[in-house]
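To start, the structure under review is shown below, and the notes come after it.
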Amino acid sequence: MRDQFGRDIDYMRLSITDRCNLRCRYCMPEDLPFIPHEEILRFEEIIRICAIAVRLGIRTLKVTGGEPLVRKGCADLMRELKALPGIEHVTLTTNGVLLKEQLPALAELGVDGINISLDTLDREAYRRITGRDALPQVLAGLYEAIRLGLKVKLNCVPLAESGLPGLLALAELAMHYPMDVRFIEMMPIGHGVDFIPLEQGRVEQAVLEAWPDLAPTEERRGFGPARYYVSPGFKGAVGFIDAVSHSFCRDCNRVRLTSEGFLKLCLCHGDGLDLRALLRGGADDGEIQAAMSAAIVGKPARHSFGERQADEARNMSQIGG
């Protein structure tokens, strides 16, 4: 369906848990309280919402968290989502810690892509950023996913402590492996407002200086807003997602469903629709569809990052990465 600004909304991100097995300092500090289990959507509720969303034109679903693989039955849910008539793609965003052990099930269900969040290849820096010594497990899952021929993207939030050499080491993975490495500008949401990121322009300049043969491409390599560079010498591509410094709101095609059933229309803004209340209050599918349609039509024109503080009070782990 189209919103009030004529944008085709065909992509929904699904957070299935606010829990995570890492404690990345810009996302989830150690003392962050979790949402009570009874307030988290059950799988059958998620599937019901997605079936209704298909009628409104949603074609692509991305399963996120928190860390989605910590929720038991994640692969089973994704299999059911893949089977929904009208759904064309179901992908996963993960920190990779549990990925290798769950790859057989993900490959068997035909996952359409896996995004792995990784900010450094340095084990000690990884421990400082995430609060856990889990880099070997992440890399094992990454390389096994590539070996299995799955579509893999690596997402990095450039941090000052990572340093440009460390970020270039991540970018170099796209030279040697058929995977895309994307640098994502820090979102000023939750604890992210307290961190000073490396400027996206500096990262992009460093990458292009290191590999002058990288050239911009108009090729779409997914369903999101990344700008990509490719080279004959690279097996993958290097991408940049800079929502704050270079807004792409006019082409935004997505909405988000939080793990507690709140339909978010824009990452920056706190308004939306409480679908859990409708589901558990006895609303039928037609009533839910009408409410979702009205909410999506009213999707805001743009975010206000860089102009004023976001009015979204949730942390990214509670919204869905």
Side-chain angles (χ1 to χ4, degrees), residues 1-15 49-64 84 86-91 93 113 115 155 182 184-190 192-193 200 216-228 239-258 261-278 283 285-314 316 318-321:
M1 66 172 290
R2 295 186 181 276
D3 70 4
Q4 61 182 322
F5 303 103
R7 295 172 295 195
D8 188 15
I9 310 302
D10 60 3
Y11 178 4
M12 185 160 68
R13 298 177 69 97
L14 305 172
S15 173
I49 290 172
C50 291
I52 295 170
V54 169
R55 301 175 205 159
L56 295 173
I58 296 296
R59 296 291 176 262
T60 297
L61 300 171
K62 180 174 289 295
V63 175
T64 74
L84 287 175
I87 288 296
E88 298 173 359
H89 306 96
V90 176
T91 63
T93 289
N115 291 5
N155 292 339
R182 292 111 57 83
I184 303 176
E185 203 167 28
M186 174 77 77
M187 294 291 184
I189 292 284
V193 301
Q200 192 81 325
T217 178
E218 296 299 319
E219 175 192 5
R220 286 191 62 82
R221 301 178 68 88
F223 316 104
R227 299 179 293 107
Y228 285 103
F240 297 88
I241 301 176
D242 36 19
V244 179
S245 58
H246 296 85
S247 170
F248 40 76
C249 297
R250 67 180 182 179
D251 298 316
C252 185
N253 65 337
R254 67 191 58 193
V255 291
R256 296 169 180 261
L257 182 68
T258 73
F262 190 77
L263 183 69
K264 274 187 61 64
L265 309 171
C266 174
L267 181 60
C268 176
H269 302 294
D271 53 351
L273 175 65
D274 187 351
L275 287 172
R276 186 185 66 197
L278 291 173
D285 286 3
E287 292 169 321
I288 295 172
Q289 180 174 334
M292 289 178 66
S293 177
I296 292 171
V297 166
K299 180 176 165 69
R302 59 189 299 271
H303 67 63
S304 59
F305 294 137
E307 301 168 14
R308 58 182 174 84
Q309 186 169 346
D311 58 21
E312 173 55 75
R314 300 176 182 85
M316 281 300 297
Q318 297 167 323
I319 295 170

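- Not counting sequence neighbours, the partners of R221 by the side-chain hydrogen bond (donor to acceptor under 3.5 Å, both in side chains) test are D180, E219.
- With values rounded to the nearest 0.5 angstrom, L267 atom CG is found 9.5 Å from R254 atom CZ.
- The side-chain heavy atoms of R13 and T93, taken from C-beta on, include a pair separated by under 4.5 Å.
- With rounding to the nearest 0.5 Å, the separation of CG in D271 from CZ in F262 is 6.5 Å.
- For the atom pair CG of L263 and CG of L257, the computed distance is 6.5 Å after rounding to the nearest 0.5 Å.
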*Could you walk me through whether R55 and D285 pass the side chain to side chain contact (heavy atoms under 4.5 Å, CB included) check?*
CA-CA 11 Å; R55 301 175 205 159; D285 286 3; 3.6 Å; yes
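- V90 places none of its side-chain heavy atoms less than 4.5 Å from the side chain of K62.
- Between Y228 and R182, the side chains place a donor N or O and an acceptor N or O closer than 3.5 Å (distance only, hydrogens not considered).
- Scanning both residues, L265 and P300, for their nearest heavy atoms gives CB-CD, 3.9 Å.
- Contact annotation: the side chain of R227 never approaches that of T217 to less than 4.5 Å [non-hydrogen atoms, C-beta and beyond].
- Applying the ring-ring contact (aromatic ring centres under 6.0 Å, His included) rule to Y11 yields no partners; only residues at least two apart in sequence or on another chain are considered.
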*Dump the intermediate steps for side chain to side chain contact (heavy atoms under 4.5 Å, CB included) on T60 and M12, then the final yes or no.*
CA-CA 6 Å; T60 297; M12 185 160 68; over 6 Å; no
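- Across all non-hydrogen atoms, the minimal contact from A51 to L84 is N-CD1, 4.0 Å.
- Of all the heavy atoms in L275 and M292, the pair that sits closest is CD2-CG, 3.6 Å.
- Put simply, the side chain of C50 reaches to within 4.5 Å of the side chain of L14, judged on heavy atoms.
- Scanning both residues, G86 and V54, for their nearest heavy atoms gives CA-CG1, 3.9 Å.
- Remark: C249 SG to R7 CZ distance equals 7.0 Å, nearest 0.5 Å.
- D251 places none of its side-chain heavy atoms less than 4.5 Å from the side chain of P225.
- Residues R256 and S15 are not in side-chain contact: their nearest non-hydrogen atoms beyond the backbone lie 4.5 Å or more apart.
- With rounding to the nearest 0.5 angstrom, the CG atom of N253 is 6.5 Å from the CD1 atom of I9.
- Note that CD of Q4 and NZ of K299 are 10.5 Å apart. Values are rounded to the nearest 0.5 Å.
- With hydrogens and angles disregarded, no donor-acceptor distance shorter than 3.5 Å links the side chain of Q289 to the backbone of L56.
- Looking at L61 and I87, their side chains come closer than 4.5 Å, going by heavy atoms from C-beta outward.
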